[in-house]
Amino acid sequence: MTITSPHLGSPSAAWTDARLLYALEEVVETELNRHLKVAKDWMPHEYVPFSDARNFPGIFEDGEAWDKEQSKVTEIGRIALVVNLLTEDNLPSYHHEIASLFGRNGAWGTWVHRWTAEEGRHGIVMRDYLLASRAVDPDKLEAFRMAHMSEGFESDNRHSMLHSVAYVAFQELATRISHRNTGHQSGDPVCDRMLARIATDENLHMVFYRNLLKAAFELAPDLTMQAVRDVVVNFRMPGHGMPGFERAAAQMAIGEVYNMRIHHDDVLQPVLRHLRVLEIDGLGPEGLQAQEELGLFMRGLDAEASKFDEKLAARKARMAARAAR
């Protein structure tokens with residue numbers, strides 16, 4: 001598709017990934033500088049209850065085997081924490097994906113490395129917390145990590161820079177929501193504070209990509225609309241390939257950590273509403289079609305989420321009735 005762009009000084013500039021990366025470089029630099037001003041460095045070790053830690057069996061003769069009763073964390077909190085940490089563990093693959101797509105030079109490269117450094121803290125603090133607080137079986141956690149990282153990660157959107165920017169605008173918010181809700185459901189105030197700190201980082205990452213997506217709409221509205229449509233309709237969390245993900249995702253849905261209603265109301269809608277995606281006018285035929293299909297999908301997702309809400313409410317009622325007997 002060819003789109004007119006006043007930014008490139010050409011009456012009919014065909015947008016390629018290379019041209020878009022160049023055209024958005026100034027926006028990336030502006031957003032990077034804004035991010036560095038508002039982001040606060042923090043120390044992972046300050047959020048970990050090391051005084052609760054003790055030896056596991058191994059080279060230590062006094063090692064104590066893990067038992068889930070040793071931790072304050074709830075069952076749903078334990079499940080979600082493992083999913084969230086395994087997602088963070090795959091950071092080397094994520095870095096490779098975005099560095100290959102966005103490049104390692106200029107403002108793009110500076111952002112890629114800064115983002116990677118900040119995300120690295122999340123895996124450090126979560127793993128230290130889980131081991132110090134004995135929230136999860138350390139042997140199973142390591143087995144899951146090895147299996148997940150051995151599979152690597154390939155983004156569904158690696159074919160397109162616009163698709164990748166659109167995806168991370170939603171995915172960073174989804175990760176923030178998942179971490180925050182996990183903290184609320186964990187049953188441990190220490191865990192809740194740790195995940196709130198992580199969620200703050202994820203929100204700043206979302207704002208960076210959301211603002212970049214806004215600039216992309218201004219440059220190439222039709223192509224960006226098609227990318228957003230594709231990403232929203234086919235959205236998957238990056239941890240979908242980890243061992244036991246489908247079962248864990250179902251448990252997290254029931255436990256109200258992350259489900260269709262949360263995905264619709266707290267992830268997709270806020271980004272679409274902020275950018276006024278469904279209100280953009282002046283689109284060409286393909287952009288307009290993508291916008292209409294996006295609107296139809298969102299209405300369908302809302303209806304499906306309502307059905308899920310009803311099933312969840314019925315389940316809660318059954319459990320309350322059993323508890324009252």
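Counting begins at 1 with the first residue of the sequence. Note that this is a predicted model, so its numbers are computed, not measured.
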Exercise. Just wondering, are more than 12 heavy atoms of other shown residues or ligands nearer than 6.0 Å to CD in Glu29?
Worked result: no
For this session: Would you confirm whether Trp108, through its side chain, and Leu21, through its main-chain N or O, come within 3.5 Å as a donor-acceptor pair?
Result: yes
Problem set entry | Verdict with supporting geometry, Glu310 and Arg315, side chain to side chain contact (heavy atoms under 4.5 Å, CB included) | CA-CA 9 Å; Glu310 292 173 2; Arg315 184 179 186 277; over 6 Å; no
Exercise. Does some side-chain heavy atom of Val165 sit less than 4.5 Å from a side-chain heavy atom of Phe102?
Worked result: yes
Seminar exercise, completed: Only one of Glu88, His184, Arg197 passes side-chain hydrogen bond (donor to acceptor under 3.5 Å, both in side chains) with His179, and that residue is Glu88
Exercise. Is Asp137 paired with Lys68 through a side-chain N to carboxylate O contact shorter than 4.0 Å?
Worked result: no
Problem set entry | Within-4.5 Å side-chain heavy-atom neighbours: Phe208 and Arg34 | yes
Exercise. Strictly by modelled atom types, are Ser160 and Asp17 linked by a side-chain donor-acceptor pair under 3.5 Å?
Worked result: no
For this session: Could you grab the distance from atom CD of Gln185 to atom CD of Glu256, nearest 0.5 Å is fine?
Result: 6.5 Å
Exercise. Side chains of Trp111 and Tyr209: do they bring a donor and an acceptor to under 3.5 Å?
Worked result: yes
Problem set entry | Candidate pair Glu202 and Leu173, rule side chain to side chain contact (heavy atoms under 4.5 Å, CB included), full reasoning | CA-CA 7 Å; Glu202 303 290 9; Leu173 182 52; over 6 Å; no
Problem set entry | Single-linkage hydrophobic cluster Leu81~Leu131, side-chain heavy atoms < 4.5 angstrom | no
Exercise. Any side-chain donor paired with an acceptor under 3.5 Å for Gln70 and Glu64?
Worked result: yes
For this session: Check for a donor-acceptor pair, side chain of Trp15 on one end and backbone N or O of Leu20 on the other, with a separation under 3.5 Å.
Result: no
Exercise. Taking the side chain as C-beta and beyond, is there a heavy-atom pair between Gln171 and Arg236 under 4.5 Å?
Worked result: no
For this session: Determine whether Leu275 and Val228 make a side-chain contact, defined as any pair of heavy atoms from C-beta on separated by less than 4.5 Å.
Result: no
Exercise. When you look at Arg121 and Ile198, which way does the side chain to side chain contact (heavy atoms under 4.5 Å, CB included) test go after all the steps?
Worked result: CA-CA 8 Å; Arg121 284 193 185 122; Ile198 293 174; over 6 Å; no
For this session: Decide yes or no for Thr175 and Met237: does some side-chain heavy atom of the first lie under 4.5 Å from some side-chain heavy atom of the second?
Result: yes
Problem set entry | Cluster link Val207 to Leu268, ILVMFWY, side chain under 4.5 Å | yes
For this session: Can you sort out the partners of Lys311 under side-chain contact (heavy atoms from CB on, under 4.5 Å), two or more places apart, ordered by chain and number?
Result: none
Problem set entry | Side-chain donor/acceptor of Glu25 to backbone N/O of Ala107, under 3.5 Å | yes
For this session: Tell me, please, which residues at least two apart from His122 pass ring pair (Phe, Tyr, Trp, His ring centres under 6.0 Å).
Result: none
Problem set entry | Residue pair Asp128 / Phe50: nearest heavy atoms and the distance that separates them | OD2-CZ, 4.1 Å
For this session: Taking the side chain as every heavy atom from C-beta outward, state whether Arg54 and Arg134 have any pair of such atoms under 4.5 Å apart.
Result: yes
For this session: Assess whether atom CD of Glu142 is packed by more than 12 heavy atoms of other residues, nucleotides or ligands within 6.0 Å.
Result: yes
Exercise. Looking at residues at least two apart in the chain, or sitting in another chain, which of them share a ring pair (Phe, Tyr, Trp, His ring centres under 6.0 Å) with Tyr47?
Worked result: Trp42
For this session: Kindly give the heavy-atom pair with the smallest separation between Ala216 and Leu24, and that separation in Å.
Result: N-CD2, 4.1 Å
For this session: Show which residues join Ile59 in its hydrophobic cluster (side-chain heavy-atom contacts under 4.5 Å, direct or indirect), or state none.
Result: Phe60
Problem set entry | Criterion side chain to side chain contact (heavy atoms under 4.5 Å, CB included) on Gln291 and Ile280, from CA distance to verdict | CA-CA 8 Å; Gln291 186 182 50; Ile280 293 174; 4.0 Å; yes
Problem set entry | Interatomic spacing from OG1 in Thr30 to CG in Asn211 - rounded to 0.5 Å | 10.5 Å
For this session: Please name the residue in the list Arg193, Lys72, Met194 that meets the side-chain contact (heavy atoms from CB on, under 4.5 Å) test with Asp188.
Result: Lys72
Exercise. For Met298, does its backbone N or O pair with a side-chain atom of Asp302 as donor and acceptor, under 3.5 Å?
Worked result: no
Exercise. Heavy-atom count around Asp62 CG within 6.0 Å, excluding the residue itself: above 12?
Worked result: yes
Problem set entry | Pairwise side-chain contact, Ser178 with Met252, heavy-atom cut-off 4.5 Å (strictly under) | yes
For this session: Give the ring-plane orientation class for Trp115 versus His205, where under 30° counts as parallel, over 60° as perpendicular and anything between as tilted.
Result: tilted
For this session: Report the C-alpha distance between Glu31 and Lys214 in whole Å, list the side-chain angles of each, state the deciding distance to 0.1 Å, and finish with yes or no for salt bridge (charged side-chain N to carboxylate O under 4.0 Å, His left out).
Result: CA-CA 12 Å; Glu31 289 303 311; Lys214 179 181 179 181; over 6 Å; no
For this session: For Met43, look at atom CE and say whether over 12 heavy atoms of other residues, nucleotides or ligands are found less than 6.0 Å away.
Result: yes
Exercise. Any side-chain donor-acceptor pair under 3.5 Å between His113 and Glu118?
Worked result: no
Problem set entry | Atom of Phe170, atom of Val267 and distance for their closest heavy-atom approach | O-CG1, 3.5 Å
For this session: Find out if a path of hydrophobic residues (ILVMFWY) with successive side-chain heavy-atom gaps under 4.5 Å connects Leu130 to Trp66.
Result: no
Problem set entry | Closest heavy-atom pair and its distance - Asp222, Glu286 | OD1-C, 4.4 Å
Seminar exercise, completed: Quick note, ring pair (Phe, Tyr, Trp, His ring centres under 6.0 Å) partners involving residues 241-272, not counting sequence neighbours, are Phe235-His263, Tyr258-His263
Problem set entry | Gap between atom CZ of Arg229 and atom CD of Glu292 - 0.5 Å precision | 11.0 Å
Problem set entry | Nearest heavy-atom neighbours spanning Gly183 and Leu195 | N-CD1, 3.4 Å
Problem set entry | Distance-minimising heavy-atom pair for Pro49 and Ser133 | CG-CB, 4.4 Å
Exercise. Honestly curious: do Leu296 and Leu288 fall in one hydrophobic cluster under the side-chain, below-4.5 Å linking rule?
Worked result: no
Problem set entry | Nearest-0.5 Å distance, NE2 of residue His159 to CG of residue Asp230 | 6.5 Å
For this session: Group every Ile, Leu, Val, Met, Phe, Trp and Tyr by side-chain heavy-atom contacts under 4.5 Å, then state whether Leu204 and Val28 land in the same group.
Result: no
Problem set entry | Lys/Arg N to Asp/Glu carboxylate O, Asp201 vs Arg176, below 4.0 Å | no
Problem set entry | Sub-4.5 Å side-chain heavy-atom contact between Leu85 and Leu141 | yes
Exercise. In terms of heavy-atom contacts, does CD of Glu46 have more than 12 from other residues, nucleotides or ligands at under 6.0 Å?
Worked result: yes
Exercise. Among pairs that include at least one residue of residues 127-151, which meet ring pair (Phe, Tyr, Trp, His ring centres under 6.0 Å), considering only residues two or more places apart or in two chains?
Worked result: none
Exercise. Looking only at atom types and distance, does a side-chain atom of Asn55 sit under 3.5 Å from a main-chain N or O of Gly63, one as donor and one as acceptor?
Worked result: no
For this session: Determine whether the side chains of Thr182 and Asn84 contain a donor N or O and an acceptor N or O closer than 3.5 Å.
Result: yes
Exercise. So, Arg261 and Ser306: side-chain donor and acceptor under 3.5 Å apart, yes or no?
Worked result: yes
